[in-house]
A.B. asks: 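For reference, the structure I am asking about is given below.
Values reported hereafter were calculated over all heavy atoms of this structure, with side chains retained and with hydrogens, waters and symmetry mates removed. Labels below follow one simple rule: chain letters A, B, ... track the order of the sequence lines, proteins then strands, and each chain is numbered from 1.
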Protein chains: 2
Amino acid sequence: MKTKLDSAGDYSKQIAQTIREAIISGDLPVDGRLPSEGDLAARFNVSRPTVREALKRLAAQNLIRTQRGATGGAFVNRLSFEDAQEHMVTTATLLLSMNTVDFETALEARFALERACLPLACQRRTPSHLAAMRAEIARQGTDGLSDEDFCASDVAFHRALVEAAGNPVLSWHIAGAVEAMQPLMNMITYTARSRAQIIALHADLTEALAAGALPQAQATLDALAAYTLELGGEIRARRAAKIAR
Amino acid sequence: MKTKLDSAGDYSKQIAQTIREAIISGDLPVDGRLPSEGDLAARFNVSRPTVREALKRLAAQNLIRTQRGATGGAFVNRLSFEDAQEHMVTTATLLLSMNTVDFETALEARFALERACLPLACQRRTPSHLAAMRAEIARQGTDGLSDEDFCASDVAFHRALVEAAGNPVLSWHIAGAVEAMQPLMNMITYTARSRAQIIALHADLTEALAAGALPQAQATLDALAAYTLELGGEIRARRAAKIAR
DNA sequence: AATTCTTTATTGTCAGACATATGACCGGGA
DNA sequence: TCCCGGTCATATGTCTGACAATAAAGAATT
């Protein structure tokens with residue numbers, strides 16, 4: 001069967017869209033194998049390089065994976081949460097870097113989202129979640145930790161907090177937002193005093209969660225947001241200068 | 001200058017990643033033109049089709065656009081919020097459809113996120129936001145509206161609610177989540193009684209926002225979440241059957 | 001000066017070929 | 001019989017060279 005294409009150029013784009021729809025509709029099942037490149041070329045009446053460009057478009061979205069060899073080919077990927085998250089992080093990072101989003105707006109969104117999972121986290125946090133958070137707090141207190149490592153640990157802490165809500169879809173959204181903020185957070189220079197302040201707030205938050213004390217957790221998170229905003233003040237100025245340039 | 005590539009295959013993937021990093025780092029400015037395919041091929045010491053596959057990968061992520069002709073080439077795209085959102089919606093839709101995420105989990109995440117923007121929306125909603133919400137409520141009350149149209153209007157209502165928070169980053173996240181839920185919501189069959197119930201809740205929510213009454217808005221949203229969950233009960237059963245199949 | 005034609009640079013597509021990876025198949029030996 | 005190795009078929013990955021389509025810039029003409 002030959003599938004027709006719009007004569008208006010960009011065959012590879014049209015082919016990618018056709019296959020994408022087949023995947024989304026479930027017509028091509030997960031782990032199902034697509035026809036070989038040669039078959040697809042014959043089917044769409046185009047050359048193999050054109051088909052390959054279409055397949056690469058899909059591969060860029062993690063929709064398919066390819067395998068070489070006799071039984072190889074292109075297979076429909078089950079989109080894992082990890083892949084989806086990696087994807088969202090790159091998108092969010094680009095969005096923040098290319099759209100003159102100021103630090104305050106990004107931070108406001110991030111903490112608003114994080115606030116959304118506090119009620120669930122208070123109910124569902126398990127000892128292992130709390131342990132993960134406490135482990136990161138301990139790491140944040142070690143001497144000689146670079147700013148970047150401190151920041152990475154901060155992300156890990158918040159990630160654990162988000163996981164405590166026990167909803168993978170929510171985790172996907174919020175962890176993506178938090179990770180995408182990391183490049184911005186990396187611009188902050190943490191003094192010993194500001195680190196101590198943050199660690200204390202982290203500890204308060206963890207204990208509030210452990211006790212299931214939602215109001216206290218919310219208040220602490222708000223305090224953390226306010227303090228981070230204060231620390232980021234200089235970044236805002238720097239970014240503003242960059243934009244005006 | 002020749003850029004070296006790892007000899008381990010998938011040149012097109014490596015080239016795409018190299019260029020992607022150059023874009024993210026700001027090395028290649030927005031609207032900047034990439035070297036021509038031939039130049040890139042010479043630079044990376046590969047053939048033009050290989051370069052083209054790399055460029056198609058980037059094009060699939062809306063990172064670049066291409067233009068034919070004498071002054072044509074590949075240009076760095078400014079990733080718009082619309083593009084990014086479309087992206088996130090397809091990713092989220094796939095995630096929901098391919099990962100046996102049950103209706104309850106998805107719904108819980110959606111309403112948790114939406115709850116996150118209520119405090120901001122109470123402070124910042126403008127008359128135009130309220131007007132948009134009221135317009136959708138009116139539409140939802142019209143006779144002869146199909147279930148799909150009702151659902152689309154529901155999405156538009158919630159979208160307006162999210163916009164009222166006045167934070168584009170937050171809007172991007174939450175509106176994406178809400179839209180991704182639409183295929184699931186479309187499975188619900190709305191009776192006249194359930195429509196009336198939903199419309200009443202929408203109206204309450206709008207008035208609470210207009211009055212800046214946060215607790216009331218939160219309570220109404222919770223009620224809406226609970227009612228939607230109730231309506232979706234049959235869907236859950238259907239999806240469970242599909243998974244077990 | 002305005003319009004039209006030509007040139008030129010670039011992407012889009014094609015055809016055929018070779019390189020490479022890998023599972024399947026088959027034959028021989030313990 | 002069972003295991004092992006070689007061979008082969010098939011598929012993706014890549015290269016080469018070419019032509020078509022397009023759009024802007026410059027040259028020629030009115």
Side-chain angles (χ1 to χ4, degrees), chain A residues 2-20 22-23 28-29 31-77, chain B residues 2-20 22-23 28-29 31-77:
Chain A
K2 289 194 180 180
T3 305
K4 286 173 195 168
L5 293 177
D6 208 343
S7 63
D10 256 324
Y11 289 152
S12 73
K13 196 169 190 173
Q14 294 177 50
I15 293 171
Q17 186 57 29
T18 303
I19 299 178
R20 185 178 299 121
I23 293 175
L28 290 170
D31 289 332
R33 182 178 173 282
L34 273 67
S36 74
E37 295 175 352
D39 286 354
L40 287 172
R43 221 174 273 213
F44 288 106
N45 206 25
V46 296
S47 69
R48 197 158 81 91
T50 303
V51 167
R52 280 183 63 79
E53 288 179 9
L55 293 180
K56 294 311 165 198
R57 295 180 115 110
L58 299 175
Q61 300 180 306
N62 281 108
L63 278 175
I64 60 171
R65 62 182 181 280
T66 57
Q67 195 178 349
R68 280 169 74 162
T71 59
F75 299 84
V76 177
N77 253 339
Chain B
K2 289 193 181 181
T3 305
K4 286 172 193 167
L5 293 176
D6 209 343
S7 63
D10 257 325
Y11 289 153
S12 73
K13 197 169 190 172
Q14 293 178 50
I15 294 171
Q17 187 56 29
T18 303
I19 299 177
R20 193 187 342 262
I23 293 175
L28 290 169
D31 290 330
R33 183 179 173 283
L34 272 67
S36 73
E37 294 176 352
D39 286 355
L40 287 172
R43 224 175 269 214
F44 288 106
N45 206 26
V46 296
S47 68
R48 197 157 80 91
T50 302
V51 167
R52 280 182 63 76
E53 287 178 11
L55 294 180
K56 293 312 165 197
R57 294 180 117 109
L58 300 175
Q61 300 180 303
N62 282 107
L63 278 176
I64 60 171
R65 61 182 182 279
T66 56
Q67 196 180 347
R68 281 166 68 160
T71 59
F75 299 84
V76 177
N77 256 339

A.B. asks: Provide, to the nearest angstrom, the distance between the CG atom belonging to B/L34 and the C1' atom belonging to C/dA9.
C.D. replies: 16 Å

A.B. asks: For B/Y11 and C/dA19, what is the distance between atoms OH and P respectively, to the nearest whole Å?
C.D. replies: 14 Å

A.B. asks: Could you state the CG-C1' distance from A/L40 to C/dC14, rounded to the nearest angstrom?
C.D. replies: 17 Å

A.B. asks: Of B/R52, B/R57, B/K56, which is the lone residue that meets side-chain hydrogen bond (donor to acceptor under 3.5 Å, both in side chains) with A/E53?
C.D. replies: B/R52

A.B. asks: Is A/R68 salt-bridged to B/D10, going by a charged N under 4.0 Å from an acidic O?
C.D. replies: no

A.B. asks: Less than 4.0 angstrom between a side-chain N/O of B/S12 and OP1 or OP2 of D/dG13, yes or no?
C.D. replies: no

A.B. asks: Go through the steps for A/L55 and A/L34 under the test side-chain contact (heavy atoms from CB on, under 4.5 Å), then give the verdict.
C.D. replies: CA-CA 10 Å; A/L55 293 180; A/L34 273 67; 4.0 Å; yes

A.B. asks: Rounded off to whole Å, could you give me the CG-to-P distance for the B/D10 and C/dT20 pair?
C.D. replies: 15 Å

A.B. asks: Compare all side-chain heavy atoms of A/L63 with those of A/N77 and state whether any distance is below 4.5 angstrom.
C.D. replies: no

A.B. asks: Determine, step by step, whether B/L40 and B/I15 satisfy the side-chain contact (heavy atoms from CB on, under 4.5 Å) criterion, reporting the C-alpha distance in whole Å, the side-chain angles of both residues, the deciding distance to 0.1 Å, and the verdict.
C.D. replies: CA-CA 9 Å; B/L40 287 172; B/I15 294 171; over 6 Å; no

A.B. asks: Return yes if the base of C/dT13 and the side-chain atoms of A/R48 contain a donor-acceptor N/O pair under 3.5 Å, otherwise no.
C.D. replies: no

A.B. asks: Take atom CD1 of B/I64 and atom P of C/dT10, then tell me their distance rounded to the nearest Å.
C.D. replies: 16 Å

A.B. asks: Round to the nearest Å and state the distance from B/E53 atom CD to C/dT11 atom P.
C.D. replies: 16 Å

A.B. asks: From CG of A/N45 over to C1' of C/dC14, roughly how many Å is that when rounded to an integer?
C.D. replies: 11 Å

A.B. asks: Quick check on D/dA11: is either OP1 or OP2 less than 4.0 Å from any side-chain nitrogen or oxygen of A/T66?
C.D. replies: no

A.B. asks: Look at the side-chain N and O atoms of A/K56 and state whether any lies under 4.0 Å from the OP1 or OP2 oxygen of D/dG13.
C.D. replies: yes

A.B. asks: In whole Å, what is the span from the CD atom of B/E37 to the C1' atom of D/dT22?
C.D. replies: 14 Å

A.B. asks: Between the base of C/dT20 and the side chain of A/R68, is there a donor-acceptor distance below 3.5 Å?
C.D. replies: yes

A.B. asks: Start with the C-alpha gap between B/F44 and B/T50, add the side-chain angles, then the distance that decides, and say whether side-chain contact (heavy atoms from CB on, under 4.5 Å) holds.
C.D. replies: CA-CA 10 Å; B/F44 288 106; B/T50 302; over 6 Å; no

A.B. asks: Between the side chains of A/D31 and A/R65, is the shortest nitrogen-to-carboxylate-oxygen separation below 4.0 Å, so that they form an ion pair?
C.D. replies: yes

A.B. asks: Between B/S36 and B/P49, which residue's closest nucleotide on DNA chain C lies nearer the 5′ terminus?
C.D. replies: B/S36

A.B. asks: Reckon B/R52 has a side-chain N or O less than 4.0 Å from the OP1 or OP2 of C/dT11?
C.D. replies: no

A.B. asks: Distances under 3.5 Å between protein N/O atoms and the N/O atoms of nucleotides 7-10 of chain D, please, pair by pair.
C.D. replies:
unit_1 : atom_1 : unit_2 : atom_2 : d
D/dT10 : O2     : A/A70  : N      : 3.4

A.B. asks: Nearest to the side chain of B/Q67 - D/dA24, D/dT12, C/dC14?
C.D. replies: D/dA24

